Amino acid sequence: MNIAWKEMKKNKGKFMILGSIIFLVSFLTFIISGLSNGLSQDNAALIKNLPDGQFFMNANANETYNLSRIDEDIQANLLTEQKDAVALSIQMGFVNDTGDKQHSVAFVTSTDSELFASVGRGEIILDRSLEDVGIKVGDILTNNQFSGEFIVKGFVDQQKYSHAPVAFINMDNYKEMYRVHEMQLIFIPGDDKVGVISSLQAFSNKEFLNTIPSYNAEQMSLNMIIWFLVVISGMLFAIFFYMMNVQKIGLYGILKAIGVKTSKLFNMMWYQMIVITCIALAFSVLLSQVFTMIAPESMPFSLTVKTTIQLSILFMMIGFIGATLSGLQIKKVEPLQAIQQGEV
């Protein structure tokens, strides 16, 4: 390790360049990951906040919840057999405030359940983001499809759907607005799988998220960028250490000639990789957490400690693989031949 550290001090310019690039790549990865998680929450917090379970929709709905209609008899049987089951419906719409300003919302109604806000007729409970635009408890809201008025009874945190704040309303009001009698979905929480139910299609939480328009495409695009950046970091390590190893063929030849084992040479390279990566990651993690604190509240950004740790471990693994692949040439070094090349 002493030799590896002396080499880093001697060639600190080269190692600083590599560290700077790794810092920039990892920082960009953290930021995009935060945006990905933030957009995911902004798109489907209503579903992601639910416990693991199963969603059921009509088998003829082509995996589109808007087209799903649950037979009332089937719904009644399921709610009776499964004590924690809840029937719900979701529709995009809007509400007008007292100043006749229109706000896009996702109307949600459900049967009695602890998983969703309970509201009476003529009442509405909104995601707290609407409080930030001036709506207050006690305000009167209207909708062109509803003959009455909604009274704001309160706000809830982190309840978004399809990038719109959720508005919980009473089931009777929902049925009047959308001229329907059947519910769209049934959700049964718990790890125990419910058997096949005639005319219904089952989805896990993750599978149901992929039925939300734009969710899958949005997340896939961002995740591809994240993986692309991670692969780039691995390639950078491989190219850098390959070029360094080419320049040190003579040195490796001398070290092997005096009895230094190949494994020791690999340990030197791994040590340098770990030091560079740890320093670069420390700065990128620190800066990304600072960005989390100063980012505008309107920006959908969420970088958790868990995600940060996972990405850091991933960068370490990719760096290790890249450095190891570039160092395979060390095994092929013949002491006498390397020394004769004069590349000490």
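Being a predicted model, the structure only gives us computed values, none of them experimental.
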* Heavy-atom side-chain contact between S221 and M224 under 4.5 Å -> no
* In sequence, state the C-alpha distance, the side-chain angles, and the governing distance for I188 and D84, and then conclude on side-chain contact (heavy atoms from CB on, under 4.5 Å). => CA-CA 6 Å; I188 303 177; D84 295 325; over 6 Å; no
* To do: Take the angle between the ring planes of F23 and F283 and call it parallel below 30°, perpendicular above 60°, tilted in between.
  => perpendicular
* side-chain hydrogen bond (donor to acceptor under 3.5 Å, both in side chains) assessment of T307 paired with T304 -> CA-CA 5 Å; T307 301; T304 63; 2.9 Å; yes
* Asked: According to the interplanar angle, ranging from 0 to 90°, do the rings of F150 and F146 count as parallel (below 30°), tilted (30 to 60°) or perpendicular (above 60°)?
  -> parallel
* Asked: Does the side chain of K48 come within less than 4.5 Å of S40's, by heavy atoms?
  -> yes
* Asked: More than 12 heavy atoms of other residues, nucleotides or ligands under 6.0 Å from CZ of R128: is that the case?
  -> yes
* To do: Examine distances only and state if a side-chain atom of Q41 and a backbone atom of P300 form a donor-acceptor pair shorter than 3.5 Å.
  => no
* **Connected via hydrophobic side-chain network under 4.5 Å: V152 and V156** => no
* Structure fact -> Value for CD1 (I140) from OG1 (T98), rounded to nearest 0.5 Å, stands at 9.0 Å
* **Test item: N62 side-chain N/O and T64 main-chain N/O as donor-acceptor pair under 3.5 Å** => no
* To do: Tell me whether L50 is reachable from L78 by hopping between hydrophobic residues (I, L, V, M, F, W, Y) whose side-chain heavy atoms are closer than 4.5 Å.
  => no
* To do: Taking atom types as modelled, find out whether S204 and Q54 have a side-chain donor-acceptor pair closer than 3.5 angstrom.
  => no
* Side chains of E63 and N210 in contact at under 4.5 Å (non-hydrogen atoms) -> no
* ring pair (Phe, Tyr, Trp, His ring centres under 6.0 Å) between F291 and F301: does it pass, once the steps are laid out? -> CA-CA 10 Å; F291 182 83; F301 187 86; 5.0 Å; yes
* Indicate yes or no: at least one non-hydrogen side-chain atom of V105 is less than 4.5 angstrom from one of V166. => no
* Distance-only, no hydrogens or angles: does the Q184 side chain make a donor-acceptor pair with backbone N or O of I90 under 3.5 Å? -> yes
* **pair T111-Q75: side-chain heavy atoms closer than 4.5 Å** => yes
* About how many Å separate CD1 of I32 and CD1 of I226, when rounded to the nearest 0.5 Å? -> 6.5 Å
* So with a 6.0 Å cut-off around CE of M235, is the heavy-atom count from everything else above 12? -> no
* Asked: V137 and L141: same hydrophobic cluster, using ILVMFWY side-chain contacts below 4.5 Å?
  -> yes
* Structure fact -> Output for pair (I279 CD1, S20 OG), nearest 0.5 Å, gives 10.5 Å
* Tell me, yes or no, whether the heavy-atom count around D191 atom CG, taken from other residues, nucleotides or ligands under 6.0 Å, exceeds 12. => no
* Asked: How far apart are the C-alpha atoms of T308 and F30, what are their side-chain angles, what is the distance that settles it, and do they pass the side-chain contact (heavy atoms from CB on, under 4.5 Å) test?
  -> CA-CA 7 Å; T308 303; F30 285 133; 4.1 Å; yes
* Heavy-atom closest contact (I124 atom, A167 atom, distance) -> CD1-CB, 3.7 Å
* Could you tell me whether the side chain of N60 reaches within less than 4.5 Å of the side chain of R69, counting heavy atoms only? => no
* Asked: Would you say V108 and Y174 make side-chain contact, with heavy atoms under 4.5 Å?
  -> no
* Kindly give the heavy-atom pair with the smallest separation between Y161 and A106, and that separation in Å. => CB-CB, 3.9 Å
* Determine whether more than 12 heavy atoms belonging to other residues, nucleotides or ligands lie under 6.0 Å from atom NZ of K175. => yes
* Asked: According to a 4.5 Å side-chain heavy-atom criterion applied to Ile, Leu, Val, Met, Phe, Trp and Tyr, with indirect links allowed, do V180 and M177 form part of one hydrophobic cluster?
  -> yes
* Structure fact -> Distance col, row I186:CD1 vs F56:CZ, nearest 0.5 angstrom, shows 8.0 Å
* Derivation of the side-chain contact (heavy atoms from CB on, under 4.5 Å) call for S199 and N58 -> CA-CA 6 Å; S199 77; N58 193 300; 5.6 Å; no
* **Heavy-atom side-chain proximity of S162 to N43 below 4.5 angstrom** => yes
* Roughly how far, to the nearest 0.5 Å, is the CD1 atom of I318 from the OG1 atom of T277? -> 11.0 Å
* ILVMFWY cluster, Y65 and L88 together (side-chain gap under 4.5 Å) -> yes
* Asked: Have D127 and S129 got a donor and an acceptor in their side chains that come within less than 3.5 Å?
  -> yes
* Do I169 and E123 pass the side-chain contact (heavy atoms from CB on, under 4.5 Å) test, and can you show the C-alpha distance, the side-chain angles, and the key distance before you say yes or no? -> CA-CA 6 Å; I169 60 175; E123 297 177 351; over 6 Å; no
* Structure fact -> Residues S36 and N223: closest non-hydrogen pair is OG-OD1, 3.8 Å
* To do: For the pair F208 and F55, name the ring-plane relationship: parallel under 30°, tilted 30 to 60°, perpendicular over 60°.
  => parallel
* To do: Enter the distance from M299:CE to L39:CG here, rounded to the nearest 0.5 Å.
  => 10.0 Å
